[in-house]
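First the structure, in the form of structure tokens, and then the observations on it.
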Amino acid sequence: MTTPGQEEPAADPIQARGTDESEWRNWAGWDALPEFTLPSTGRAVVVAAHPDDEVLGFGGSLSLLAAAGMDLTVVSVTDGERSHPHSRVETPESLARIRAKEARAALAELGAADAEIIRLHVPDTGVAAHEDRLRTRLAEVMAGAALCAAPWTGDIHADHEAAGRAALAASGAAGVPCLHYPVWMWHWARPDDPRVPWETAARILLPPTVLARKTSAISRFTSQISPLGPEPGDAAILPPEEIAHHLRAAEVVFR
């Protein structure tokens, strides 16, 4: 039951009407988040459940790491082939190819054109079923790294959460510090939301030039930010109001 003026809660918080970016911009809690200093030497491994997660949630930080001269490995767990399961314009196979090209172009925009990309081809929407194998593979990739960043384990997206859990376990086995970056959290959560572990959160500040690079990188994901065609099954996955959450002068990570 809802009170007047409230919407009935949706079964899937990601499909529900999200929090307007203006609420986040006006949140008084930003100053309470400590600043996180990224490493400047060695190798960083950035895990993405789908091609674009790494840019939306951690793209500015990727740009900073690249500018510092760090070696970068981006692990794309799935190919994102099921972003439009009802499309009659693109097949899952063609979407996988498109999204791989978009991810490479986005990294170039971030100044990380030389980053190694490892595609694991885990089925999109089915990461949890392959979590044990993923954990083993990520531990191998992380060996000797200075940092791992992966989707947040509480993002309320099954693939994001499974990828985050696997990365956390793998980083523990490899002895590598692990950060988690949220993606969908900004949509379903609210400022001061008790479901979010704010006590472990920190900010990574993005200079204007880095934010501009991130903005350009996001624009490369045409298959996600623009309709594939006129039918409902071809609608954009990331409308402007969702993208706005990822165009701030700081990125948030959980330590």
Side-chain angles (χ1 to χ4, degrees), residues 19-48 51-76 102-117 145-152 155 176-187 189 191 196 198-222 224-225 238 240-255:
T19 301
D20 191 274
E21 174 60 10
S22 63
E23 290 191 46
W24 287 113
R25 300 271 175 160
N26 294 325
W27 182 39
W30 291 114
D31 290 341
L33 302 182
E35 293 182 22
F36 184 84
T37 301
L38 292 165
S40 57
T41 59
R43 183 170 64 96
V45 176
V46 181
V47 178
D52 74 3
D53 293 333
E54 75 282 15
V55 175
L56 292 169
F58 202 68
S61 299
L62 263 168
S63 186
L64 290 170
L65 291 168
M70 290 192 66
D71 294 326
L72 298 175
T73 297
V74 176
V75 181
S76 186
E102 291 173 343
R104 173 57 76 185
L107 286 174
E109 294 284 3
L110 295 173
D114 294 333
E116 176 188 25
I117 298 180
L147 180 72
C148 167
W152 178 41
D155 213 31
V176 175
C178 186
L179 301 176
H180 284 113
Y181 59 86
V183 176
W184 283 107
M185 184 199 83
W186 304 112
H187 174 82
V196 177
W198 299 113
E199 68 279 3
T200 70
R203 292 179 298 164
I204 297 171
L205 302 181
L206 308 181
T209 54
V210 172
L211 181 56
R213 280 184 174 274
K214 182 178 181 179
T215 302
S216 296
I218 290 175
S219 73
R220 289 290 189 163
F221 292 105
T222 306
Q224 305 302 295
I225 65 178
L238 296 169
E241 58 269 24
E242 182 61 34
I243 295 172
H245 297 318
H246 303 286
L247 297 179
R248 306 183 191 127
E251 290 175 337
V252 171
V253 292
F254 300 113
R255 299 158 293 170

On a heavy-atom basis, which atom in [X] and which in [Y] lie closest, and how many Å separate them?
X: W27; Y: P191; answer: CD1-CB, 3.3 Å
X: G60; Y: V210; answer: O-CG1, 3.5 Å
X: L247; Y: T215; answer: CD2-OG1, 3.6 Å
X: S216; Y: E109; answer: CB-OE1, 3.6 Å
X: A106; Y: V55; answer: CB-CG2, 4.0 Å
X: G111; Y: A66; answer: O-CB, 3.5 Å

From [X] [atom1] over to [Y] [atom2], what is the distance, rounded to the nearest 0.5 angstrom?
X: L56; Y: I225; atom1: CG; atom2: CD1; result: 9.5 Å
X: E116; Y: L72; atom1: CD; atom2: CG; result: 10.0 Å
X: T19; Y: M185; atom1: OG1; atom2: CE; result: 9.5 Å
X: R203; Y: E251; atom1: CZ; atom2: CD; result: 13.0 Å
X: F254; Y: T200; atom1: CZ; atom2: OG1; result: 6.0 Å
X: D114; Y: D71; atom1: CG; atom2: CG; result: 9.5 Å

Taking the side chain as every heavy atom from C-beta outward, state whether [X] and [Y] have any atom pair closer than 4.5 Å.
X: V45; Y: V176; answer: no
X: L64; Y: P207; answer: yes
X: P151; Y: V183; answer: no

| field | Working for side chain to side chain contact (heavy atoms under 4.5 Å, CB included), residues K214 and L62 | value | CA-CA 9 Å; K214 182 178 181 179; L62 263 168; over 6 Å; no

| said: Whether the side chain of R255 engages the backbone of C178 through a donor-acceptor N/O pair (distance < 3.5 Å, no angle test) should be reported. | reply: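 Here the side-chain-to-backbone pair does not exist.
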
| field | E54 (side chain) donor-acceptor with D52 (main chain) under 3.5 angstrom | value | yes

| Pair E35-L205, side chain to side chain contact (heavy atoms under 4.5 Å, CB included): steps then yes or no | CA-CA 7 Å; E35 293 182 22; L205 302 181; 3.3 Å; yes

| query | Taking atom CZ of R220 as the centre, does the number of heavy atoms from other residues, nucleotides or ligands within less than 6.0 Å exceed 12? | reply |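 Open.
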
| request: Could you please spell out the steps behind the side chain to side chain contact (heavy atoms under 4.5 Å, CB included) verdict for E102 and T222? | output: CA-CA 8 Å; E102 291 173 343; T222 306; 4.0 Å; yes

| Which class fits the ring pair F58 and Y181: parallel under 30°, tilted 30 to 60°, perpendicular over 60°? |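 Judged by the thresholds at 30° and 60°, the geometry between F58 and Y181 is parallel.
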
| task | Tell me, with the steps shown, if L238 and I218 meet side chain to side chain contact (heavy atoms under 4.5 Å, CB included). | result | CA-CA 10 Å; L238 296 169; I218 290 175; 5.9 Å; no

| query | Does W30 have R248 sitting over its ring (NZ/CZ under 6.0 Å from centre, angle to axis within 45°)? | reply | no

